[in-house]
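Following: one structure in structure tokens, then a few remarks.
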Amino acid sequence: MEACEEWGCFRLVNHEVPLPLMMEMKAVVGALLDLPSHVKRRNVDVIAGSGYMPPSPTNPLYEALGLYDMASSQAVDDFSSQLDATPHQREILKRFAEAIHGLAMDFAQKLAEGMGLVGYQFKGWPSQFRINKYSFTPETVGTSGVQIHTDSGFLTILQDDEDVGGLEVMDKFGRFIPVDPLRGSFVINLGDIAQAWSNGRLRSVQHRVQCKEAKVRISIASFLLGPKDTAVEASAELISSENPRKYVPFTFEEYRKLRIATKLQAGQALELLRVKS
Ligand SMILES: O=C(O)CCC(=O)C(=O)O
Ligand SMILES: [Fe+2]
């Protein structure tokens with residue numbers, strides 16, 4: 001809880017996702033991202049921005065494939081079919097999605113307990129999954145692979161590249177701190193929804209990816225987004241006269257649209273939803 005409040009992120013070790021599954025998953029996503037562009041383009045958006053993101057003028061070295069909703073075995077199957085995944089690749093994608101969704105649910109539950117909320121339910125919260133490839137070159141060393149942002153959802157389970165570093169998180173004083181790779185572990189990031197849901201107690205961490213060396217870097221980010229149909233709002237237990245409500249209630253969908261429309265990617269969109277005092 002201290003890490004979640006002070007930093008909005010931490011490295012998770014001693015979890016139950018088997019190392020061989022993590023390594024096989026890394027190999028599978030590497031192979032999928034190596035597919036020809038016309039195949040990757042079949043991975044179309046289910047919600048805005050959820051599908052294939054080809055290299056762009058702003059981020060020529062970055063591309064990503066995505067899947068919404070990883071808690072749905074049908075969606076995992078559809079994703080696999082779009083990319084002509086082999087039976088082995090399908091099996092790995094399925095097992096990984098199940099394991100990570102389970103971990104996200106467990107961790108969310110622990111966070112709720114840590115906040116003193118009894119019986120809070122995250123059931124039905126959708127999750128999205130994005131596999132990122134950064135094709136760094138000698139010329140790009142020192143530049144940004146992904147610009148500074150916060151994650152818009154509740155929490156992110158990131159399997160960062162176990163060899164190639166570059167992830168940096170911002171501390172409370174605005175300094176970027178490198179997060180060195182650690183094989184077999186995950187980085188947990190809290191996002192904007194966690195900050196609103198906790199009435200500002202949990203911190204949505206600003207982070208970016210820098211190119212440190214001329215290598216291919218692959219990361220697997222799984223986002224537990226937010227409630228599907230109900231509003232994001234801090235529970236009554238967290239509100240008091242000394243600690244009044246900080247954000248107006250909003251739905252995840254509204255928030256996503258706000259982030260896209262305003263192009264405010266580093267947490268400033270949430271500030272627009274602050275209760276005016
Ligand atoms: O590639 C990484 O390590 C981080 C990616 C990231 O921040 C994201 O996909 O939101
Ligand atoms: Fe992120």
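In each ligand, atom 1 is the first atom listed, and ligand 1 is the first ligand listed.
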ask   = So with a 6.0 Å cut-off around CD of E271, is the heavy-atom count from everything else above 12?
value = yes
inquiry  = Between the Fe ion (ligand 2) and D151, which N, O or S atom of the residue is the nearest one?
reply    = OD1
query = Does E162 pair with K26 as a salt bridge, N-O distance under 4.0 Å?
reply = yes
request  = Measure from NZ or CZ of R208 to the centre of the six-membered ring of F176 and say whether it is under 6.0 Å with the direction within 45° of the ring axis.
outcome  = yes
Full working for side-chain contact (heavy atoms from CB on, under 4.5 Å) between F186 and M22 = CA-CA 10 Å; F186 295 104; M22 292 177 71; 3.6 Å; yes
task = Kindly work out whether a path of hydrophobic side-chain contacts (I/L/V/M/F/W/Y, heavy atoms less than 4.5 Å apart) joins I188 to L167.
result = no
message = Please determine whether residues V169 and V146 belong to a single hydrophobic cluster, defined as Ile, Leu, Val, Met, Phe, Trp and Tyr linked transitively by side-chain heavy-atom distances below 4.5 Å.
response = yes
task = Might you point out which heavy atoms bring A99 and L21 nearest each other, and give the distance in Å?
result = CB-CD2, 4.2 Å
ask   = What angle, to the nearest 10°, do the atoms NE2 (H207) and NE2 (H149) form about the Fe ion (ligand 2)?
value = 90°
Tabulate distances under 3.5 Å between N/O atoms of ligand 1 and N/O atoms of the protein, writing both atom names on each line.
unit_1: ligand 1; atom_1: 1 (O); unit_2: Y134; atom_2: OH; d: 2.7
unit_1: ligand 1; atom_1: 1 (O); unit_2: R217; atom_2: NH1; d: 2.9
unit_1: ligand 1; atom_1: 1 (O); unit_2: S219; atom_2: OG; d: 2.6
unit_1: ligand 1; atom_1: 3 (O); unit_2: R217; atom_2: NH1; d: 3.2
unit_1: ligand 1; atom_1: 3 (O); unit_2: R217; atom_2: NH2; d: 2.8
unit_1: ligand 1; atom_1: 7 (O); unit_2: H149; atom_2: NE2; d: 3.1
unit_1: ligand 1; atom_1: 7 (O); unit_2: H207; atom_2: NE2; d: 3.1
unit_1: ligand 1; atom_1: 9 (O); unit_2: R130; atom_2: NH2; d: 3.3
unit_1: ligand 1; atom_1: 9 (O); unit_2: N132; atom_2: ND2; d: 3.4
unit_1: ligand 1; atom_1: 10 (O); unit_2: H149; atom_2: NE2; d: 3.2
unit_1: ligand 1; atom_1: 10 (O); unit_2: D151; atom_2: OD1; d: 3.2

